Amino acid sequence: MNNGSAPTSIGIVGAGVVTSGAHLPVLVNMPEVTVDWICDRSLGAAKAVAKSYGIAKTFSDISQCPDVDVVLVATPVGSRSAVVPAVLSRGWHAFCEKPFALTLADHEAYVGQARAANLQIGVGQVRRYAKPTASARAIIERGFLGPIQRVLAADGFHMRGTGRSGAGWHMNDRTAGGGVLAECGSHLIDQVLYLLGATGAASASVRHCTQRVHLGLELASSLVADVATTAGPVRCSFDVSLLDDLCNGVFIEFPSSVLRVGLAFEETLTLVTKDGDLLTELVMPEGAASPIQGFYLEWQDFLHQCRTGEPSVVDAATVAGTTALIDKARRMEQTEWRDQRKLA
Amino acid sequence: MARPTKIGVTGATGQVGLRLLKHLRAGGLTAIAAVRNPLGAALCDAAVPGCEIRVGSLTPDDDRQHVLDDCDVIINCAIEASGGIPRQAYTRNRQLLDGLLRAKALKWLVHFSTVAVYGEVIVEYDDADRARAHPRPTSEYGRSKLDVERHAVRRTRQRGVTCTILRLGHVYGAGIARSREIVELARHPAFRLPFGGRLPSNAVHADALGAAMLGLMHDGPRHEINGVAEPADTWRDVFDWHTSGLGLPAVADMSEADSIAKRRQLVAGSPLGDAVAWAKGLPLKSLVRSPATFDLALRVLVRTPSSITRRVADINRRTGARAQIARAHESSGAGPLASIYFSEGMPGPFVDLPSMPANGLGSEAERVRELQAWYDLWRRPQMRAAMARWA
């Protein structure tokens, strides 16, 4: 990859919503990059996105794509084992959408392949850049509020509409590899581990996990884990659901206060009572105020990592704890309402 | 009309559709949930275990079978989103209606419309029949819903199918967005209920709606266009039901003068008024404070006679505080209130609402228990997995 003034060339694999709605609006406005091509197994989808953003070349097969410096991998995680090794084998740096890998073994294989080829690999854990998360991390690092006693994290809403088409990660869990734990949980778990500074693969162990599965689709997951921090283990609970409205946010309990960290970019950082009632709102000096700012900052960081080789906030190695925890939870799940019926 | 044998329900994963399915099944009717994809089926299965679910398009190609071909009644609770293109709120929902009318055994279409066809703030009217027949929506949502209900009436007549339009009021109850709004307003210390809550609510509990639909299926249609609301209930009744059920203090009244002033703002809204308000809110100070403009302003001011500068400064002192005072008012309030709390009642006739059962689904005790359980889920953080409360 060039280190000079020439723009960094980027290719994109996957022409879905996150590509067209989040990455491309940022990339086409970064003067230091050019988007050379977009590849999707549906050439029509690739062409439609390429037309919207003025991208010259489209492909349906990655083997036909010309060389670039960096590739955005934005295909469902279940299809990624066919994409990431192919990208790395061409000598391209890889920036992958979350969730990064279905298993810790896959995760470590991708990172190992990249390291062996002296390539960089990153994960779009964009919530790390959100103002509430970035600012809370700075507060926790400084230890103002004392030792952490417990963390309760939830991201749940009662899904009432499922859209017009049959597409999307949740419509086909075999190819997407999804389910609510992978799709929503990968954000929530990563947010908590990042806040606690516990991102290594061995940083957390699962104590208990339950899931609600209906007609083969995982609609809600709830797990309790012990997370190893520099100050000792912290009991954490994670709830993700498409069935219930939950008390959403990351609630970090300290001896005499609870810090509520909002999930989204536009949310707040507050001190609350143990019942969740607001005490005061805190100033958020760090981080991005909108998703677009967040995507911009993660691209800036990853491109810097590619140029210098210095690990950034989105380096894939720092997401191993998230992959490991989801992998462990799936292996030990104690499904309370599992329905093995399949739709006709 | 003969009693329905199979009732297809579209929009089955929505807050109305799910409740409706429960009541129809509890009432001994054969109800079939039509959903578009496996996720919809899974959500429906989770909420209404044992319900027959069919996955497929409601607007199939000509040569394909309709997913509700064998249903003699279809209750259309579905709404097609515009997808960010306003015109599609009309075209997609018309297509949906046309698609439903291709179901072979269909004899009766019940189509859910909305109180919004009467406008965002319903003003007093003398002639209820005229108000019902010629509603004047004031939002794009209301206009598109009115367009689609008229399309439904025309097309059902052409096909010889009975059509019943239900202009649905504000549905509330456990798990429903309107109740979340009401509870959050009630918990906000600065919230005041407009007109003390004495205005008609146009609201209906989800279970009252479900029971009404069950009654409609048994009794058959009486009118082509109906309102669905608890017509005697005021907003005070609805707020008090929530607060008493959850052990919250009753909400305080907004003063009559404030209520009238806010209602006037809502009713008198116009593009010109909006443009003036927008212009008033422009951050002119940031323009003046930019270095080049500030320097230009100073150049002008040093050449301006002192008498004029003094008069301008006086005007600025008198008016300059207005925007800040307005913002202070905003920050201490509960935010802008939805227009529905300033509205008069919609015209009837209304669908009959059966009295509540003494126990079980739809009873007062069950409604309150569900409200409390739902509130408990989202009001405070908790360690759910450890509590294993899902069984």
Side-chain angles (χ1 to χ4, degrees), chain A residues 150 152-154 156 158-168 170-173 207-210 212-224 235-239 241-251 253 258 260 272-277 334 336-337 339 341-344, chain B residues 11-18 35-50 52-59 77-81 83 88 92 95-96 174-177 179-180 187-189 373-391:
Chain A
R150 193 170 71 149
L152 307 178
H158 180 187
M159 189 177 221
R160 297 181 175 98
T162 59
R164 287 167 64 81
S165 73
H170 33 53
M171 304 305 167
N172 186 334
D173 62 347
R207 292 181 67 87
H208 187 71
C209 175
T210 57
R212 281 188 72 174
V213 179
H214 288 264
L215 301 177
L217 292 182
E218 174 217 340
L219 302 179
S221 283
S222 186
L223 65 103
V224 177
R235 179 73 45 89
C236 298
S237 119
F238 303 90
D239 282 295
S241 178
L242 300 180
L243 295 173
D244 289 313
D245 298 323
L246 301 178
C247 188
N248 291 337
V250 176
F251 294 83
E253 294 185 2
V258 178
R260 180 190 178 274
V272 299
T273 67
K274 293 213 172 184
D275 277 342
D277 295 326
Q334 297 161 1
E336 298 210 345
W337 212 115
D339 182 352
R341 287 175 298 150
K342 301 286 181 199
L343 282 166
Chain B
T13 58
Q15 51 192 12
V16 169
L18 280 179
V35 296
R36 283 183 246 249
N37 50 46
L39 179 62
L43 290 168
C44 198
D45 187 65
V48 193
E52 181 177 348
I53 302 166
R54 294 184 189 167
V55 181
S57 171
L58 298 172
T59 54
C77 308
I79 180 167
E80 287 274 17
Q88 290 186 164
R92 284 181 172 181
Q95 284 166 7
L96 171 65
I176 290 181
S179 278
R180 176 89 183 229
R187 290 180 64 187
H188 198 295
W374 168 70
Y375 179 58
D376 198 42
L377 276 179
W378 58 262
R379 71 175 284 265
R380 63 187 170 84
Q382 49 193 295
M383 195 170 270
R384 297 177 76 218
M387 293 159 72
R389 45 183 299 158
W390 294 353

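FYI, side chains are in, hydrogens and waters are out, and symmetry mates aren't considered; it's all heavy atoms of this structure. The shown structure was predicted, so the numbers you read here are calculated from the model rather than taken from an experiment. Here is the naming used below: chain letters follow the sequence lines, and residue numbers restart at 1 for every chain.
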Open item on the list: Nearest 0.5 angstrom please: B:I176 CD1 to A:R160 CZ, how far?
Closed with: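 Here the interatomic distance stands at 7.5 Å.
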
Open item on the list: Return the CZ to CG distance between B:R380 and A:D277, rounded to the nearest 0.5 Å.
Closed with: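 B:R380 atom CZ to A:D277 atom CG measures 10.5 Å (nearest 0.5 Å).
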
Task: Qualifying residue, where the test is side chain to side chain contact (heavy atoms under 4.5 Å, CB included) with A:L217 and the options are B:L39, B:D45, B:L43 - done: B:L39

Task: Toward chain B, the part of A:R260 with a non-hydrogen atom under 4.5 Å - done: neither

TODO: Using the test side-chain contact (heavy atoms from CB on, under 4.5 Å), find all partners of B:A46 that sit at least two apart in sequence or belong to another chain.
DONE: A:R212, A:H214, A:L219, A:L243

Open item on the list: Suppose we screen for side-chain contact (heavy atoms from CB on, under 4.5 Å). Which residues come up paired with B:I79, at least two apart in sequence or across chains?
Closed with: B:N93, B:Y141, B:K145

- [ ] Against chain A, label B:L58 side chain, backbone, both or neither, depending on which of its atoms sit under 4.5 Å from a heavy atom there.
- [x]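 When you check distances to chain A, no heavy atom of B:L58 falls under 4.5 Å.
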
TODO: Please state whether the side chain, the backbone, both or neither of B:R187 comes within less than 4.5 Å of a heavy atom of chain A.
DONE: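 For B:R187, side-chain heavy atoms alone lie under 4.5 Å from chain A.
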
Task: Audit row: B:L377, A:H158, side-chain contact (heavy atoms from CB on, under 4.5 Å) steps and yes/no - done: CA-CA 11 Å; B:L377 276 179; A:H158 180 187; over 6 Å; no

Task: Taking every non-hydrogen atom, the tightest pair across B:W374 and A:D245 - done: NE1-OD2, 3.4 Å

Task: Atom of A:C247, atom of B:P381 and distance for their closest heavy-atom approach - done: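 Closest pair (atom of A:C247, atom of B:P381, distance): SG-N, 3.5 Å.
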
- [ ] Sort out for me which of B:A12, B:G11, B:G175, B:A47 touches chain A most, counting heavy-atom pairs under 4.5 Å.
- [x]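 Ranked by contacts with chain A, first place is B:G175.
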
